[in-house]
Amino acid sequence: MDAKTIERLDRRRYKVLLWKTINYGLIFPGLFSIAFVFDMSVFTYIWLAVMLLLMASQFAAYSQENKITKEISGNPKLDAALNNELIIHYKNLSYKWSFHIMLAAAVIVFLLSKKVDISPMLTCFIMLYTGVLSFNIFRQLLMRK
């Protein structure tokens with residue numbers, strides 16, 4: 001396997017991860033605003049359409065990521081070059097730090113709930129958003145060149 005192919009796949013993988021991170025960062029606050037802020041007006045339906053387009057874009061990003069993963073795992077040389085110990089270490093670090101950020105968000109929500117009434121649905125939104133987004137951001141930061 002030549003170095004150009006490996007470099008091309010690595011760049012594609014990085015771009016797809018960036019695409020997924022940006023989409024997720026936009027989708028969750030948008031869904032939050034629809035669920036908690038907006039009333040059912042024309043603006044809400046337009047916003048919902050934008051969110052559906054972002055979700056379709058996110059599914060396309062997952063599809064691209066699956067194609068890249070299959071291409072890498074189908075070739076042992078690519079697999080050895082692109083799924084090495086460093087990438088696995090970055091992924092594990094991302095899980096570790098996103099877990100800590102999610103715990104910090106839980107503590108903040110807990111402390112805020114002493115002063116403000118926070119619904120369980122909002123708490124779940126906050127936990128999921130901070131956990132997944134921080135994982136994706138950390139993985140992006142660690143894998144950038």
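Between the CG atom in Asn75 and the CG atom in Asp79 there is a gap of 8.5 Å [rounded to 0.5 Å]. Separation of atoms CE (Met143) and CG (Leu18) is listed at 11.5 Å; rounding is to 0.5 Å.
The pair Lys67-Glu71 does not meet the salt-bridge criterion, since no charged nitrogen lies less than 4.0 angstrom from a carboxylate oxygen. Between Arg12 and Glu65 there is no salt bridge, since no side-chain nitrogen of the basic residue lies less than 4.0 Å from a carboxylate oxygen of the acidic one.
Hydrophobic clustering (side-chain heavy atoms under 4.5 Å, transitive across Ile, Leu, Val, Met, Phe, Trp, Tyr) keeps Phe110 apart from Leu122.
In this structure, the side chains of Arg13 and Thr69 stay at 4.5 Å or more apart for every pair of heavy atoms.
Taking all atoms of both residues into account, the shortest heavy-atom contact from Val109 to Ile118 is O-CD1, 3.8 Å. The nearest pair of heavy atoms linking His100 to Lys96 is CD2-O, 3.0 Å. Closest approach of Ile6 to Ala81, counting heavy atoms only: CD1-CB, 3.8 Å.
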Mind listing the side-chain donor-acceptor pairs of residues 127-138 below 3.5 Å, one per line with the distance, residues two or more places apart or on another chain?
| residue | atom | partner | partner atom | Å |
| --- | --- | --- | --- | --- |
| Tyr129 | OH | Gly25 | O | 3.2 |
| Thr130 | OG1 | Ile126 | O | 2.9 |
| Thr130 | OG1 | Met127 | O | 3.2 |
| Ser134 | OG | Thr130 | O | 2.5 |
| Ser134 | OG | Gly131 | O | 3.1 |
| Asn136 | ND2 | Val132 | O | 3.3 |

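Residues that satisfy the ring pair (Phe, Tyr, Trp, His ring centres under 6.0 Å) test with Phe99, not counting sequence neighbours, are absent from this structure.
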Checking side-chain contact (heavy atoms from CB on, under 4.5 Å) for the pair Trp19/Gln58: CA distance, chi angles, key distance, verdict?
CA-CA 8 Å; Trp19 180 15; Gln58 187 74 351; 5.6 Å; no

